Amino acid sequence: MTDCLFCAIAEGKIPSKKVYEDDLVYAFRDINPQAKTHVLVIPKTHIGSCAEINEENSAIVARIFEVIPKIAEAEGLKNGFRVISNSGPDACQSVHHLHFHILGGEQMSDKMA
Ligand code: DGP
């Protein structure tokens with residue numbers, strides 16, 4: 001998709017701090033970390049948000065969830081981590097390319113909203 005920030009990051013057109021990459025998935029450090037460890041995991045192909053996951057693109061989402069524990073282990077998140085995906089305006093989604101935040105490395109609040 002043109003004019004999509006995370007498509008440009010996945011394509012290497014905009015620099016990022018890469019954490020993981022395979023044929024379907026790219027992961028990088030959030031520019032504005034909300035926890036000691038804050039990694040974003042995205043599909044390389046454009047999916048707008050969780051609201052756009054369907055039977056045609058869900059295999060890549062499954063791949064993302066296979067990758068997340070590998071990243072958590074590599075990042076040393078032995079004591080746990082949180083995975084969040086904001087979808088749509090009520091959830092304050094700011095980048096309209098599906099992404100999963102991995103947050104950890106410290107004790108987090110028990111409040112999710
Ligand atoms: P959300 O609010 O859930 O849509 O999260 C978008 C996240 O993307 C937010 O935590 C900040 C991050 N972000 C925005 N622009 C950039 C960027 O150019 N580079 C990196 N690494 N992260 C970005």
Side-chain angles (χ1 to χ4, degrees):
M1 187 187 184
T2 54
D3 294 334
C4 170
L5 173 64
F6 284 180
C7 283
I9 285 177
E11 291 167 15
K13 292 176 178 165
I14 292 176
S16 64
K17 292 183 180 166
K18 180 166 86 171
V19 170
Y20 174 90
E21 182 174 18
D22 65 28
D23 57 329
L24 298 177
V25 174
Y26 188 75
F28 56 104
R29 300 201 186 279
D30 195 289
I31 203 167
N32 181 27
Q34 305 287 314
K36 192 171 169 194
T37 300
H38 188 168
V39 173
L40 299 172
V41 191
I42 65 172
K44 286 186 169 178
T45 53
H46 188 82
I47 300 171
S49 74
C50 283
E52 294 183 17
I53 297 170
N54 57 42
E55 59 189 18
E56 280 164 20
N57 60 26
S58 59
I60 191 167
V61 180
R63 172 73 69 81
I64 286 171
F65 277 87
E66 291 165 12
V67 164
I68 284 172
K70 294 180 184 170
I71 293 173
E73 184 177 10
E75 293 289 317
L77 304 179
K78 290 185 173 49
N79 211 38
F81 57 92
R82 183 169 283 165
V83 177
I84 294 173
S85 187
N86 296 317
S87 182
D90 276 5
C92 302
Q93 182 183 8
S94 61
V95 179
H96 298 280
H97 180 121
L98 178 65
H99 52 282
F100 294 90
H101 300 257
I102 304 176
L103 298 154
E106 62 185 278
Q107 180 64 57
M108 284 176 281
S109 164
D110 62 354
K111 308 226 175 341
M112 283 191 288

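Remember, it's 1-based here, ligands and their atoms both numbered in the order they're listed. Quick caveat, the model's predicted, so the values are computed rather than measured.
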> About how many Å separate CD1 of I42 and CD1 of I9, when rounded to the nearest 0.5 Å?
Replying inline: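 One finds 6.5 Å between CD1 of I9 and CD1 of I42.
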> What's the spacing between E52 CD and L98 CG if we round to 0.5 Å?
Replying inline: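 Those atoms lie 8.5 Å apart.
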> Does atom CG of D90 have more than 12 heavy-atom neighbours, drawn from other residues, nucleotides or ligands, at distances under 6.0 Å?
Replying inline: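 Atom CG in D90 is not packed in, count stays at 12 or less.
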>> Does atom CD (E106) have a neighbourhood of more than 12 heavy atoms from anything else shown, all under 6.0 Å?
In response: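 Yes, the 6.0 Å shell around CD holds more than 12 heavy atoms from other groups.
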> Are H101 and H99 near enough that their ring centres are under 6.0 Å apart?
Replying inline: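 Yes, ring centres under 6.0 Å apart.
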>> Given N86, D30, L103, I42, identify the one with the heavy atom nearest to atom 7 (C) of ligand 1.
In response: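 Checking each option, the heavy atom nearest atom 7 (C) of ligand 1 is found in D30.
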> Between the candidates I31, L98, N32, which shows the shortest non-hydrogen contact distance to atom 13 (N) of ligand 1?
Replying inline: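 When every heavy atom of I31, L98, N32 is considered, I31 comes closest to atom 13 (N) of ligand 1.
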> Got an N/O contact under 3.5 Å between H38 and ligand 1?
Replying inline: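 The answer is no, given that H38 and ligand 1 share no N or O pair closer than 3.5 Å.
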Contact between [X] and ligand 1, counting heavy atoms under 4.0 Å?
X   : answer
C92 : yes
K17 : no
Q34 : no
I9  : yes

If hydrophobic clusters are built by linking Ile, Leu, Val, Met, Phe, Trp and Tyr wherever their side-chain heavy atoms come under 4.5 Å apart, do [X] and [Y] end up in the same one?
X   : Y    : answer
V25 : I102 : yes
F28 : V83  : no
Y26 : V61  : no
I84 : L77  : no

>> With a heavy-atom distance limit of 4.0 Å, tell me whether L5 approaches ligand 1 through its side chain, its backbone, both, or neither.
In response: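 Side chain only; the backbone of L5 stays clear of ligand 1.
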> Can you tell which part of L40 has a heavy atom less than 4.0 Å from ligand 1: side chain, backbone, both or neither?
Replying inline: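 For L40, the contact with ligand 1 is made by the side chain alone.
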> Between F6 and L40, does a side-chain contact (heavy atoms from CB on, under 4.5 Å) hold up when you go through it step by step?
Replying inline: CA-CA 10 Å; F6 284 180; L40 299 172; 3.7 Å; yes
> What protein heavy atom sits nearest atom 21 (N) of ligand 1, and how far off is it?
Replying inline: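 Nearest neighbour among protein heavy atoms for atom 21 (N) of ligand 1, to 0.1 Å: R29 O, 2.9 Å.
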> What is the nearest protein non-hydrogen atom to atom 5 (O) of ligand 1, stated with its residue, atom name and distance?
Replying inline: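 Here the nearest protein heavy atom works out to H99 NE2, 3.0 Å.
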[X]: numbered ligand 1 atoms lying under 4.0 Å from its heavy atoms:
X    : value
Q93  : 4 (O)
S94  : 1 (P), 2 (O), 4 (O), 5 (O), 6 (C)
H101 : 1 (P), 3 (O), 5 (O), 7 (C), 10 (O)
F6   : 8 (O)

